[in-house]
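Please read the structure below before turning to the comments.
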Amino acid sequence: SRATLELDGVRGDALVETATTTRNAFAGRITGRLTLASRGLSWDAIQRTARGEGHVTVSGPDLYTVHVKPEVASMLATIGKYAAGFLTPPSLESTKFERLDTSLRLADGQLATPDLTLSGRDAAIDAAGSLGLDKTLSYLGHVVLEPSLVRSLGPAGRYIADAQGRVVVPFQVSGTILDPKVAIDR
């Protein structure tokens, strides 16, 4: 079977919950295109045989279970214990991303997102990895705190900022969609 999916403002939570058994994992409005070839269109056939590619953009993305920014906030709070004049902005944990953008490649039960970006007003994430159709996660990436947020770290913030005034924090995500493990490279 072959299919081409054209998505224009589709509710991400409804799509995920209709197509899979996963609940309360993802929200946002999806726009994009995905081509798919599979030996059948049942979920079992797709998991075993599907191949495809595409690109999606999600407005107002919410990855309910993957919490990278609170881990960054925790790491910054640890630095703050030892560095005078270093503040952890309380808004970091609750900052929402405005947009998700990524290419998609589906093969061997893995949905690869080689160029995933999440962007917001004061922070961004760039990552590469995959989401297994068995609900496993494997990602490496960077959280980028923009200069506007770095200034709120206090005077000591400039000492951990790069030449552009940003703080870049490497991270990895493993585990499953419902039990992700986020590790910050401290």
Side-chain angles (χ1 to χ4, degrees), residues 5-16 19-20 22 24-36 52-76 89 91-107 110-133 135-153 157 160-177 180-186:
L5 300 172
E6 296 275 347
L7 306 170
D8 186 11
V10 174
R11 283 188 33 224
D13 56 343
L15 179 64
V16 169
T20 73
T22 302
N24 302 317
F26 174 77
R29 294 283 181 174
I30 305 171
T31 300
R33 179 184 176 110
L34 175 66
T35 60
L36 179 71
E53 60 183 37
H55 186 273
V56 294
T57 298
V58 182
S59 60
D62 195 340
L63 310 175
Y64 293 135
T65 62
V66 181
H67 305 290
V68 175
K69 288 190 288 184
E71 291 294 325
V72 172
S74 173
M75 186 258 318
L76 292 173
S91 65
L92 181 58
E93 287 191 45
S94 62
T95 301
K96 298 284 186 187
F97 290 112
E98 297 163 4
R99 180 181 165 115
L100 179 152
D101 195 65
T102 190
S103 299
L104 304 170
R105 282 196 302 270
L106 177 61
Q110 298 287 316
L111 181 62
T113 57
D115 55 0
L116 184 136
T117 60
L118 286 156
S119 54
R121 189 173 52 99
D122 294 325
I125 290 179
D126 62 82
S130 64
L131 165 64
L133 297 183
K135 302 180 185 177
T136 55
L137 297 169
S138 178
Y139 280 90
L140 293 174
H142 297 91
V143 176
V144 179
L145 305 180
E146 298 299 336
S148 57
L149 188 59
V150 174
R151 283 190 293 279
S152 71
L153 298 175
I160 63 169
D162 65 13
Q164 290 84 36
R166 306 170 309 159
V167 172
V168 179
V169 180
F171 72 90
Q172 68 180 41
V173 177
S174 59
T176 66
I177 294 170
K181 307 294 185 230
V182 177
I184 300 297
D185 185 3
R186 296 175 189 250

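In this view, R105 satisfies the salt bridge (charged side-chain N to carboxylate O under 4.0 Å, His left out) rule with no residue, not counting sequence neighbours. With sequence neighbours left out, R151 forms a side-chain hydrogen bond (donor to acceptor under 3.5 Å, both in side chains) with no residue at all. Listed by chain and number, the residues in a side-chain hydrogen bond (donor to acceptor under 3.5 Å, both in side chains) with D115 are T102, S103 (sequence neighbours excluded). Looking at residues two or more places apart in sequence or on another chain, you find a side-chain hydrogen bond (donor to acceptor under 3.5 Å, both in side chains) between T57 and D101. For K135, the salt bridge (charged side-chain N to carboxylate O under 4.0 Å, His left out) test picks out no residue, with sequence neighbours left out. Remark: E53 engages no residue in a side-chain hydrogen bond (donor to acceptor under 3.5 Å, both in side chains) (not counting sequence neighbours). Applying the side-chain contact (heavy atoms from CB on, under 4.5 Å) rule to L34 yields the partners L5, L104; only residues at least two apart in sequence or on another chain are considered. The side-chain contact (heavy atoms from CB on, under 4.5 Å) test applied to T136 returns Q110, D134, not counting sequence neighbours. Under the rule for a side-chain contact (heavy atoms from CB on, under 4.5 Å), the partners of L7 that lie at least two apart in sequence or sit in another chain are V10, L15, I30.
The two residues P61 and F97 make their nearest non-hydrogen contact at CD-O, 3.6 Å. The minimum heavy-atom distance linking A128 with P114 is given by the pair CB-O, 3.4 Å. Here the closest heavy-atom approach between residue L137 and residue P180 is recorded as CD1-CB, 3.8 Å. Considering all non-hydrogen atoms of both residues, Y139 and S130 come closest at CE1-O, 3.3 Å.
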Using a 3.5 Å cut-off and no angle test, enumerate the donor-acceptor pairs between side-chain atoms of residues 161-174 and protein atoms at least two apart in sequence or in another chain.
unit_1	atom_1	unit_2	atom_2	d
D162	OD1	Q164	N	3.0
D162	OD1	G165	N	3.2
D162	OD1	R166	N	2.9
D162	OD2	R166	NE	3.3
D162	OD2	R166	NH2	3.0
Q164	OE1	R166	NH2	3.4

Please output the side-chain donor-acceptor pairs of residues 142-150 that fall under 3.5 Å, not counting sequence neighbours, one pair per line with the distance.
unit_1	atom_1	unit_2	atom_2	d
H142	ND1	D126	OD1	3.4
S148	OG	D122	OD1	2.7

Side chain to side chain contact (heavy atoms under 4.5 Å, CB included) for L106 and L133? Distances and angles first, verdict last.
CA-CA 9 Å; L106 177 61; L133 297 183; 3.9 Å; yes
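Distance alone, capped at 3.5 Å, is enough to place a donor-acceptor pair between the T31 side chain and the G9 backbone.
A distance of 4.5 Å separates CG in L131 from CD1 in I177, rounded to the nearest 0.5 Å.
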